[in-house]
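Throughout, protein chains are lettered first and strands after them, A, B, ... in sequence-line order, and every chain is numbered starting at 1. All values derive from a computational prediction rather than experimental measurement.
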There are 2 protein chains.
Amino acid sequence: MASEITIKDVAKQANVSVATVSRVLNGLDRVSEKTRKKVQKVVKELNYVPNTMAVSMVTKQTQMLAVVVPVFENPFYTAVIKGTVDVASQEGYHTVVFSTNDNEKEEAAFFMSSLKRNVDGIVLIGAHNNPEFYQSINKPVILVDRYIEGSGLDGVVIDNFRGAYESTKYLIENGHRQIAIISGPQTFNDGIERYRGYQQALKDYEIDFIPEYSKQGDWFEDHGYQSMKELMNLSNPPTAVFAANNMICQGTIKAIRDLNLQIGSDVSLVGFDENTLADFVNPRVSVIKRPTYEMGIHAAEMLLQRLKQGEKKDLVPRKLTLGVELLKYGSVKNLGGEINA
Amino acid sequence: MASEITIKDVAKQANVSVATVSRVLNGLDRVSEKTRKKVQKVVKELNYVPNTMAVSMVTKQTQMLAVVVPVFENPFYTAVIKGTVDVASQEGYHTVVFSTNDNEKEEAAFFMSSLKRNVDGIVLIGAHNNPEFYQSINKPVILVDRYIEGSGLDGVVIDNFRGAYESTKYLIENGHRQIAIISGPQTFNDGIERYRGYQQALKDYEIDFIPEYSKQGDWFEDHGYQSMKELMNLSNPPTAVFAANNMICQGTIKAIRDLNLQIGSDVSLVGFDENTLADFVNPRVSVIKRPTYEMGIHAAEMLLQRLKQGEKKDLVPRKLTLGVELLKYGSVKNLGGEINA
DNA sequence: TTGAAAGCGGTACCAA
DNA sequence: TTGGTACCGCTTTCAA
């Protein structure tokens, strides 16, 4: 509908060549103040907007970034998106968003699609965990949250190990010795590091690891719900539980309610990541807070920086690790008892 | 990085002209089976992907859709996005997402940006409420949720009036006469219709409208929280409350908890839109369920249909209204009393 | 059935 | 300081 106006129209109207119009548009070359004014006036009058596709064809730059996430429904991902979009738009970049459903096939589809070609760089929460896949991407990519060692890419992650370690330590310091973990798969650094943090804390405080207290599954609410029920039905149930992500934590909270138990008195709970229910229940559930929005910010900044650097390939990958914070509320009962270490 | 391979490379490798390659690529023209095979083989070997920008320049089609929403953080909007993306990708369209922060300026910025030029059509949850703004958009647009009469655009909405009416009626049928509403601004059809539905139900059952029971504000949680507190502190507090959206409903639930009241027994509650807390509390809060994902689906389908129709401008705008459903749980106390009508 | 070439809307080099 | 023009990668007439 309605044919768009082009640089030629501007040139004609201003009585100059298209080259001149291009010059004032990009503010590069020396153009007489008079012509500049004249052109700018016409641009305004005609409401001229350059055709970015034509520009891209010759400049090989699209001024577009992509953010690729598993799903849009998780607040963590939307926070990352928001962080990226905010930085990008400030720097004159548009952002397109793509979701992979955390599925390797769909992610691969993105990287083979034209969409990938149409962006200058990518912020990615990846579904693959083989370095080779990432190595084959010939565009700047910043990995967020999940970092793949050997991918050769930059990344922004949080200190998963420390978060899990501190959570577990906090429980131990409150006298707990029977501490369960409900976690996701050990596929990426997030699952692996959180599990490792939990284990290390037990080890450091000389607490035996009890396999029954370790519930591995997916990262979704139902896993948290079912696991919590199973744990509490054990002949010797744990006194405390570490829920390794936001969805799992919500599941555990629902299970605790359905079991007619009281958080903090009947069973202690610490979650990884803030979530609506942890915030709502009374007492509030202690959680590891991680800088989600900031992760998006940093990822975009790293990406833009890579873009500025251009072709200089002799660059080592950078991994930025952001700290986490344990928000202590009333969900952990102090069992007394001595604390070693 | 790594110069992409072009149609010329394919042509050269296959010993044919670029025109021929173009033909087999688009499967349009008559090409001999032999050449077709040959070209397809080379395309595969070289892993050739056409440069969509070059294609777009000549076809004037980008195969891209935009979804413009206020924010990504609201599950309602992400559901709409998901619906649109699903349909679009099935039809070979990519989708870019843009957020306006529900701000007229930012929305206008999108429509002046190059991004708008780069998409074939737009699914929009608009921030403007003046028809003129929408009339000036020379691209197919489908309005979702908020419909602007006189915009001349297609739209997909839900039956806000009925949802509010049924909610209020449900309360009335359970013997309530002192029914409050906590609502958002009366700027768009959503706020207006829900308020109207509430009023109409009162009127139909000959219940006096009490201004004190009507709390107008924004659509956010805090408005729900504060308003609920104010309502319950009235010398003659309402026996039931209708919370006109998901965020407001969450706020009321928190307020009820902080007031140490019991949902269903101390005060009855019906919310518009499902939400995490309504689902969590005991008893669950009755809510109006609306087909969010389906709204995205329908919007995308309408848009794609418009795209197929092309330039035929002599088309009347279509507004599709989807029904809503009242999910009844235990949050409404039966006060007995007779029901007229 | 196939190829040559114009043109989409810009940029940037080379001349003037 | 300005203009002419080749070119970016592709589609699409027009001829062969």
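A:R23 has its CZ atom 10 Å from the C1' atom of C:dT11, to the nearest Å. Spacing between atom CD of A:Q61 and atom P of D:dG9 amounts to 15 Å, rounded to whole angstrom units. Across the protein-nucleic acid pair, A:N51 atom CG and D:dC8 atom P stand 18 Å apart, rounded to whole Å. Rounded to an integer number of Å, the gap from CD of B:E33 to P of C:dT1 is 11 Å. Separating the CG atom of A:L25 from the P atom of C:dG9 is a distance of 15 Å, rounded to the nearest angstrom. One atom, CG of B:D9, and another, C1' of D:dG9, lie 10 Å apart when rounded to the nearest Å. At whole-Å resolution of the value, CE in B:M57 and P in D:dC7 are 16 Å apart. Between the CG atom of A:N15 and the P atom of D:dT2 there is a distance of 13 Å, given to the nearest Å.
Position along DNA chain C of the nearest nucleotide to B:K60 versus B:S17 favours B:S17 as the more 5'-ward residue.
Applying the 4.0 Å criterion to OP1 and OP2 of C:dT1, one finds that B:S32 has every side-chain N and O outside that range. Proximity of B:Y48 to the phosphate of D:dG9: no side-chain N or O atom is located under 4.0 Å from OP1 or OP2. Distances shown here put a side-chain N or O of A:S22 below 4.0 Å from the OP1 or OP2 atom of C:dT11. Remark: B:T20 is in phosphate contact with C:dG3, judged by side-chain N or O atoms under 4.0 Å from OP1 or OP2. OP1 or OP2 of C:dT2 sits under 4.0 Å from a side-chain N or O of B:T35. A close approach under 4.0 Å does not occur between any side-chain nitrogen or oxygen of A:K34 and OP1 or OP2 of D:dT1.
Picking from D:dC8, D:dT5, D:dC10 the nucleotide with the shortest atom distance to the side chain of A:V18 gives D:dT5. Listed candidates were D:dG9, C:dG3, C:dT11. Nearest to the side chain of B:A19 is C:dG3. The side chain of B:V58 approaches D:dG9 more closely than any other nucleotide in the set D:dG3, D:dG9, C:dT11.
B:V16 comes within 4.0 angstrom of the backbone, heavy atoms only, and of no base.
A centroid separation of 6.0 Å or more is found between the aromatic rings of B:F188 and B:Y147.
Ion pairing between B:K319 and B:D154 fails under the 4.0 Å rule for side-chain N and carboxylate O.
Over its full length, the helix from C:dT1-D:dA16 to C:dA16-D:dT1 turns its helical axis through 50°, comparing axes from the five pairs at each end and rounding to 10°.
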(request) Check step by step if ring-ring contact (aromatic ring centres under 6.0 Å, His included) holds for B:F72 and A:Y77. (result) CA-CA 10 Å; B:F72 296 140; A:Y77 299 132; over 10 Å; no
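Between the B:D218 side chain and the B:G184 main chain, no donor and acceptor come within less than 3.5 Å of each other. Listed for the A:N51 side chain is a donor-acceptor partner under 3.5 Å among the backbone atoms of A:M53.
Classified by interplanar angle (parallel below 30°, tilted 30° to 60°, perpendicular above 60°), the ring pair B:F133/B:H128 is parallel.
For the pair A:M295/A:D145, a side-chain contact is recorded, criterion being any heavy-atom separation below 4.5 Å from C-beta on.
For the side chain to side chain donor-acceptor pair (under 3.5 Å) test, residues two or more places apart in sequence or in another chain that qualify with A:E106 are A:N101.
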